[in-house]
Amino acid sequence: MDNASRVCSFCVMDNSNPSIVFDANGQCNCCRDALNRKPHEWWTGPEGDIRMRRLIATLKEEGADKPYDAMVGLSGGIDSAFLAHLAARKHGLRLLAVHVDGGWNSEPAVHNIEILVRKLDLDLHTYVIEWQEMRDLQIAFMKASVLNQDIPQDHAFFSTLYRTAAKFGIRHFLSGVNFASESVIPRGFGYPSIDGTHASAIQERFGSLKLTTYPFMSPLEYIWLTRVRRQLTIHRPLNYIDYNKEEARTELQREYGWRDYGGKHSESRFTKFYQDIYLPKKFNFDKRRLHLSSLIVAGQMTREEALREISTPIISVQDARRETKFVAKKLGLKPEELQSYIEAPPVPHSNFPNGMWLHKALLRLRKVTRILLPSRSATVEAADVD
């Protein structure tokens, strides 16, 4: 097979990402790493039941004299919706649902949030990002021509999460991140949304507004909340069950009239544009490969099924034109202007000021403290949104 289009012999990851390496059998390091982690991150049998019972008991015990047992993020997506259903209806937890509205919610996502909150009788805390500021920051990222265009949305959720936890005195967050559908990630893929210094630097370089309300979080504030105050413990309960996204979708539709919104994370119209149009065009990367390869690792899809799905266009020409026109109009750009940003040469995130040195130092500190002290908290990455 030509090296320019080499595909893993086990999953459907290819070498569109330079960090992917194939062994003598043609298997990539991404799925091999996921398979090695699987027994230590996903418990579908009796051990998962034990872990779930312990978690629920801990949350109820610590939350006994408080208004809430835990906090959960709601994006309108499958994972967070099913998690809220599992925690509230099946295990009786009192949850504070948190939603950050960056101005890009799809209509099905709004419906899903509203019906879940109503039927599960959840309190909902919604933080609305001032649109002109979100718009200006997103255009700045487009002009910067970097890979992770979801940072403006994801960083807002991340920072809001911690500040909401502090406001309500909540120490536990339930994340919809799960091994079953998100285990395969290339090393060095993307750029962490926790880096508020980086987001602020891009805004200062390319933005036209001074952002006064957007919830930037500096690396120092992040370290203070996660390492010093140990504000939150992050739990991933979907890793304690035999979680299957398609079965979850069916149950949500039956119980709540949940509405489908398309591909993974397409509950955000901007994220849909980013994954279906921006990434394939600018970086020659089809993000479906991550999800489909994760399902292969989970044993929920065969490689042949995944290859058939990946062989179909990620989006039709007509739909791509419509989505680009919609995003351009919402951002106040002409379609050809937005197209010029997509077609501009990619620029590494490292070309702009960032706080990654602090982040890396924190990761080294975490490794030391895990050896010396039992950890009470975990970091929240962008993936923990859903």
Side-chain angles (χ1 to χ4, degrees), residues 75-77 99-113 126-158 190-191 193 198-199 202-203 205-209 211 213-215 259-288 290-291 312-347 349 352 382 385-386:
S75 66
H99 176 70
V100 178
D101 183 356
W104 293 98
N105 288 340
S106 66
E107 188 279 330
V110 173
H111 163 83
N112 294 340
I113 293 170
T126 298
Y127 184 89
V128 180
I129 307 297
E130 202 281 319
W131 170 244
Q132 292 305 318
E133 294 196 4
M134 173 61 81
R135 169 186 172 275
D136 201 66
L137 183 57
Q138 290 187 298
I139 293 175
F141 265 77
M142 281 287 178
K143 291 179 177 178
S145 205
V146 292
L147 172 69
N148 191 352
Q149 292 291 320
D150 257 345
I151 286 179
Q153 293 185 103
D154 289 344
H155 183 76
F157 181 87
F158 164 78
Y191 187 88
S193 298
H198 184 59
I202 288 179
Q203 169 63 23
R205 173 79 176 274
F206 297 103
S208 59
L209 299 177
L211 307 192
T213 64
Y214 180 86
R259 294 181 187 171
D260 199 3
Y261 46 79
K264 185 173 177 60
H265 294 316
S266 292
E267 61 270 28
S268 162
R269 290 292 297 270
F270 183 84
T271 300
K272 177 177 175 58
F273 161 80
Y274 166 57
Q275 295 186 162
D276 293 357
I277 300 171
Y278 184 90
L279 278 179
K281 177 69 175 180
K282 195 179 191 76
F283 292 90
N284 190 34
F285 187 75
D286 187 341
K287 208 171 180 184
R288 290 180 301 176
L290 300 177
H291 176 57
T312 63
I314 190 169
I315 189 171
S316 69
V317 173
Q318 181 180 3
D319 286 345
R321 189 179 298 115
R322 183 174 61 248
E323 287 298 317
T324 301
K325 185 177 179 180
F326 171 82
V327 171
K329 183 177 181 180
K330 190 167 178 65
L331 289 175
L333 303 171
K334 294 180 179 180
E336 55 269 25
E337 186 178 5
L338 179 57
Q339 193 64 38
S340 71
Y341 295 147
I342 298 173
E343 295 175 356
V347 175
H349 282 275
F352 303 99
V385 170
D386 192 16

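Partners of Asp286 under the salt bridge (charged side-chain N to carboxylate O under 4.0 Å, His left out) rule, at least two apart in sequence or in another chain, are Arg288. Legend: residues meeting side chain to side chain donor-acceptor pair (under 3.5 Å) with Thr126, ordered by chain and number and at least two apart, are absent. Checked against ring-ring contact (aromatic ring centres under 6.0 Å, His included), Tyr127 has no partners two or more places apart in sequence or in another chain.
Aromatic ring pairs are classed by plane angle as parallel below 30°, tilted from 30° to 60° and perpendicular above 60°; the pair Tyr191 and His198 is tilted.
With rounding to the nearest 0.5 Å, the separation of CZ in Phe273 from CG in Leu279 is 10.0 Å. A distance of 15.0 Å separates NZ of Lys329 from NZ of Lys334, quoted to the nearest 0.5 Å. With rounding to the nearest 0.5 angstrom, the CG atom of Leu211 is 10.5 Å from the CD1 atom of Ile129. Here the CD-NZ distance, from Gln203 to Lys143, works out to 9.5 Å after rounding to the nearest 0.5 Å. Between the OG atom in Ser340 and the CE atom in Met142 there is a gap of 10.0 Å [rounded to 0.5 Å]. Atom-to-atom distance recorded for Ile277:CD1 and Ile315:CD1 is 4.5 Å, nearest 0.5 angstrom.
Stacking of Arg269 on the aromatic ring of Phe326 is recorded, both the 6.0 Å distance cut-off and the 45° axial limit being met. Taking the centre and axis of the six-membered ring of Trp104, the NZ or CZ atom of Lys272 falls outside the cone set by 45° and 6.0 Å.
Side chain of Tyr341 to main chain of Ile139: no donor-acceptor pair is present (N/O by atom type, distance under 3.5 Å, no hydrogens or angles). Between the Asn112 side chain and the Gly76 main chain, a donor and an acceptor come within less than 3.5 Å of each other.
Using a 4.5 Å heavy-atom threshold, the side chains of Glu323 and Asp276 count as separate.
Side-chain atoms of Gln149 and Tyr274 form no donor-acceptor pair, as typed in the model, at a separation below 3.5 Å.
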